[in-house]
Peer 1: 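The structure follows.
Since we're looking at a predicted model, the values are computed, not measured. Heavy atoms only: backbone and side chains are in, while hydrogens, waters and symmetry mates are out.
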Amino acid sequence: MASVIVPAVPSESRPGRFGVYGGRYVPETLVAALDELEREYNLAKADPAFQAELADLLHNYAGRPTPLTFCNRLTEQLGGAKIYLKREDLLHTGAHKINNALGQGLLAKRMGKKRIIAETGAGQHGVATATVCALLGMECVVYMGDVDMARQELNVLRMRLLGAEVRGVSSGSQTLKDAISEAMRDWVTNVRTTYYLLGSALGAHPYPTMVRDFQRVISIEMKEQILEKEGRLPSAVIACVGGGSNAIGAFYEFIPDRQVRLIGVEAGGRGTELGEHAVRFRGGTPGVLQGTYSYVLQDENGQIALTHSVSAGLDYASIGPEHAALHDSGRAEYVSCDDAAALDAVVRLARTEGILPALESAHAVAEALRIAPAMAAHDILVVNLSGRGDKDMGILAQELKL
Amino acid sequence: MAILFEHKPGLVVYLTAGDPSLEATREIAIAAIDAGAAVLELGVPFSDPLADGPVIQRAMERALAHGTRLADVLKLAGEIRAARPTAGLVIFSYLNPILRYGLSKFADDAAAAGADGVLVTDLIVEEAGEYLAEMERVKLAPVFLAAPTSPDQRLEAIATHSKGFVYAISRVGITGTQQSLTSDAAALVARIRRWTRLPVAVGFGISNSEHVAQVGQFADAAVIGSAIVELIEKSTPETAPGAVARFIKGLHLPEAALAR
């Protein structure tokens with residue numbers, strides 16, 4: 001294991017740690033902005049007017065609460081646990097990303113920022129951010145790797161239609177990691193006027209905590225809904241994990257409920273060699289990437305490894321620091337699902353339940369398909385269906401020869 | 001073998017180690033020292049240099065393309081130290097390669113190579129407890145960055161924990177050249193001086209003799225990085241040392257500095 005950095009000041013004055021993970025590893029220029037963000041976020045969080053405005057937008061604009069759908073035919077076919085889907089795919093813009101984009105967008109407005117920047121992998125966070133900027137009348141620039149722009153072209157077009165400027169990133173692997181680096185370079189340069197609306201539970205403190213808080217609504221609703229429908233907690237909650245925002249949102253309220261298994265599904269890609277997948281908890285070691293200390297896929301010299309996944313949203317070399325802590329403590333389990341199994345899950349869910357999941361979310365569905373048959377009929381699996389698959393039609397047409 | 005700016009303004013030269021090759025970096029470093037650089041910053045290439053502009057990003061890509069590792073950079077530091085015993089030598093890196101190498105081993109090996117100090121771009125004072133202890137153990141100078149956006153309270157911590165010199169970032173932004181210096185730089189240096197008597201070097205965007213002269217009016221040294229890295233990019237490995245030496249001579253540093 002790599003060295004653990006101990007603080008220069010007492011740890012109680014240093015929030016933003018999840019066990020040894022998290023923290024704030026950024027160029028000095030950004031520290032004052034992160035401090036300001038933390039201060040403003042804490043004020044907003046405690047302000048009933050802010051919370052009321054967010055709740056109103058989540059309900060009347062984004063479409064919360066999202067349904068918890070029982071998969072009748074799928075459950076019957078698999079012959080084991082009952083399968084429910086938390087339908088984040090039904091939200092406005094098509095994924096859970098809008099929960100966080102609305103929260104941070106309102107925060108940016110409160111802070112008087114007029115220019116918003118964001119990174120995006122699959123494009124769902126970019127679309128959500130562009131949407132919120134249109135809604136709130138703010139300038140929006142989204143960084144996206146060239147590879148991702150090609151494979152998620154529909155979302156690029158949506159962002160442009162919404163008035164955002166999409167800037168392609170041609171460095172490195174031309175995916176999410178490089179888009180984050182470029183967004184951070186923009187932020188360092190324009191830090192006095194610009195709000196960085198980070199889309200996952202990643203990066204320097206306070207982002208992992210703040211993004212988790214905005215996504216926590218997923219598990220709050222999930223818990224209420226399953227108790228109402230079944231009168232008991234699920235056996236397991238399953239979510240895909242790229243940076244980890246939908247997963248931490250789906251897990252969070254269940255963390256104290258030890259009987260509920262929390263299963264995160266990483267992208268197994270097309271092989272087990274470094275560079276062929278994005279399974280941080282198999283091939284990764286603790287390190288620092290883009291502001292946070294967490295598991296990182298890297299070579300023996302500390303250079304960040306290339307990753308691969310058929311899903312742009314899971315194609316990232318590090319993982320949110322709270323997941324690293326949940327992994328080490330054993331409270332959550334992390335498994336992986338390869339490209340082929342994710343594609344199979346898309347087809348299976350589409351043809352059995354009439355629901356087309358995003359390729360990212362299909363990784364979680366695939367894990368449910370794998371474990372449900374061996375479980376008992378009274379077991380309940382809740383899969384967080386983080387997004388819908390319309391954006392993936394290009395890839396699906398190619399991969400599935402539609 | 002110390003970080004000393006005997007003649008103001010002193011010159012700090014940044015090189016990305018391994019660009020275009022380790023041998024070439026050694027020759028360029030020696031030429032830079034002989035031409036008047038008081039301190040050499042040896043940059044460790046990193047795959048994801050988020051504080052750097054396109055020029056240094058490209059240099060790092062080139063250095064990594066032929067496999068430059070932190071161990072190679074430390075070995076190179078030792079060679080430069082052997083060739084030029086009195087120049088200041090600072091290892092400049094992102095944190096992850098150092099963590100992977102092992103913080104303690106890195107401190108030992110950097111000290112053994114004869115480095116004077118270390119600067120870690122993405123390690124701020126609040127996160128630097130173990131790092132500071134290691135630097136203290138091996139008597140290496142930890143150099144921290146100070147930014148125009150750093151409030152006085154942070155500058156105090158930065159000044160308190162820095163040794164050798166404090167690196168003042170001339171403006172908000174990433175590394176790279178610019179037309180003129182902003183008023184940010186002088187104001188920042190004045191604020192830093194309230195907390196320390198250490199020399200203050202100003203970097204980011206310094207690319208010509210005019211900038212260096214301007215910096216000389218309020219700071220102890222100027223750091224030139226991207227302008228020299230770009231010059232190396234445009235040269236061949238054979239012509240780069242001469243080109244860098246001519247560039248440095250063209251900065252018109254104080255005469256006495258050249259006599260070192």
Side-chain angles (χ1 to χ4, degrees), chain A residues 1-11 13-14 16-17 23-36 171-173 177-178 180-193 204-205 285-291 293 296 298-306 317-318, chain B residues 44-54 57-58 61 64 67-72 93-106 120-134 144-151 154 157-158 161 167 169 171-174 176 204:
Chain A
M1 196 194 238
S3 311
V4 172
I5 303 297
V6 298
V9 292
S11 57
S13 64
R14 257 188 4 147
R17 285 276 163 182
R24 190 180 272 179
Y25 299 92
V26 291
E28 173 64 25
T29 305
L30 292 179
V31 179
L34 289 165
D35 279 340
E36 183 198 8
S171 57
S173 53
K177 168 173 78 74
D178 311 285
I180 294 176
S181 284
E182 211 50 40
M184 287 185 79
R185 290 184 185 113
D186 182 317
W187 200 31
V188 172
T189 307
N190 301 297
V191 62
R192 287 167 170 146
T193 58
H205 178 67
T285 45
V288 165
L289 177 64
Q290 297 174 330
Y293 183 67
V296 180
Q298 53 181 314
D299 71 14
E300 66 279 10
N301 300 306
Q303 306 298 339
I304 308 309
L306 296 181
S318 185
Chain B
V44 178
F46 182 51
S47 53
D48 297 81
L50 56 80
D52 284 298
Q57 286 177 48
R58 288 198 302 270
E61 280 173 21
L64 290 174
T68 308
R69 305 161 305 160
L70 176 54
D72 301 319
S93 184
Y94 285 84
L95 181 57
N96 200 57
I98 294 176
L99 289 182
R100 187 65 196 235
Y101 191 88
L103 186 54
S104 222
K105 181 170 184 286
F106 167 76
V120 185
T121 318
D122 51 353
L123 185 61
I124 59 174
V125 280
E126 287 89 339
E127 304 285 5
E130 188 179 336
Y131 165 78
L132 284 168
E134 287 295 329
F144 285 97
L145 296 164
T149 50
S150 309
R154 294 193 56 73
I158 288 163
H161 291 294
Y167 188 134
I169 300 174
R171 50 153 165 81
V172 295
I174 51 178
F204 281 40

Peer 1: Below 4.5 Å, heavy atoms only, C-beta onward: do A:P27 and B:I124 meet side chain to side chain?
Peer 2: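 Not touching, per the 4.5 Å side-chain cut-off.
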Peer 1: Tell me, for B:A146 versus chain A, whether the close heavy atoms (under 4.5 Å) come from the side chain, the backbone, both or neither.
Peer 2: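 Only the backbone of B:A146 comes within 4.5 Å of chain A.
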Peer 1: Could you grab the distance from atom CG of A:D35 to atom CD of B:E126, nearest 0.5 Å is fine?
Peer 2: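 Going from CG on A:D35 over to CD on B:E126, the span is 7.0 Å.
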Peer 1: Where on B:Y101 is there a heavy atom nearer than 4.5 Å to chain A: the side chain, the backbone, both, or neither?
Peer 2: neither
Peer 1: Side chains of A:Y293 and B:L99: closer than 4.5 Å at any heavy-atom pair?
Peer 2: yes
Peer 1: Which answer fits A:D178, side chain, backbone, both or neither, if we ask what part of it has an atom under 4.5 Å from a heavy atom of chain B?
Peer 2: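 For A:D178, the side chain is the part near chain B, not the backbone.
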Peer 1: Can A:E28 and B:R154 be counted as an ion pair, charged N to O under 4.0 angstrom?
Peer 2: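 A salt bridge is present here (some side-chain N lies under 4.0 Å from a carboxylate O).
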Peer 1: Nearest 0.5 Å, please: how far is CD1 in A:I304 from OH in B:Y94?
Peer 2: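 B:Y94 OH to A:I304 CD1: 12.0 Å, rounded to 0.5 Å.
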Peer 1: Given heavy-atom pairs under 4.5 angstrom as the criterion, report whether the side chain, backbone, both or neither of B:T121 touches chain A.
Peer 2: backbone
Peer 1: When heavy-atom pairs shorter than 4.5 Å are enumerated against chain B, which of A:G172, A:A33, A:A183, A:S181 gives the highest number?
Peer 2: A:S181
Peer 1: I'd like to know if the side chain of B:S47 reaches the main chain of A:Q303, judged simply by a donor and an acceptor atom lying under 3.5 Å from each other, with no hydrogens or angles considered.
Peer 2: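 No; judged by distance alone, with no hydrogens or angles, the pair does not exist.
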Peer 1: For the pair B:R171 (side chain) and A:T189 (backbone), establish whether a donor and an acceptor sit closer than 3.5 Å, ignoring hydrogens and angles.
Peer 2: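 Answer holds: no.
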Peer 1: Can you tell me how far CZ of A:R24 sits from CG of B:D122, rounded to the nearest 0.5 angstrom?
Peer 2: 14.0 Å
Peer 1: Side chains of B:N96 and A:Q298: do they bring a donor and an acceptor to under 3.5 Å?
Peer 2: yes
Peer 1: Tell me, side chain or backbone of A:L289 under 4.5 Å from chain B's heavy atoms, or both, or neither?
Peer 2: side chain
Peer 1: Side chain, backbone, both or neither: which part of B:P148 has an atom under 4.5 Å from a heavy atom of chain A?
Peer 2: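 Both backbone and side chain.
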Peer 1: Looking only at heavy atoms and a cut-off of under 4.5 Å, which of B:A133, B:P151, B:A147 has the most pairs with chain A?
Peer 2: B:A147
Peer 1: Taking atom CG of A:L30 and atom OG1 of B:T149, what is their separation to the nearest 0.5 Å?
Peer 2: 7.5 Å
Peer 1: Do B:V172 and A:V188 touch side chain to side chain, with heavy atoms closer than 4.5 Å?
Peer 2: no
Peer 1: Heavy-atom pairs under 4.5 Å with chain B are the metric here; pick the option from A:E182, A:R192, A:M184 that has the most.
Peer 2: A:R192
Peer 1: If I measure from the heavy atoms of chain A, does B:L145 come under 4.5 Å with its side chain, its backbone, both, or neither?
Peer 2: both
Peer 1: Is the backbone of B:G53 close enough, under 3.5 Å, to the side chain of A:R185 for a donor and an acceptor to pair up by distance?
Peer 2: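 The answer is no, because no donor-acceptor pair under 3.5 Å joins these two groups.
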Peer 1: Verify the distance criterion only: is there a donor paired with an acceptor across the side chains of B:R100 and A:T285 at less than 3.5 Å?
Peer 2: yes
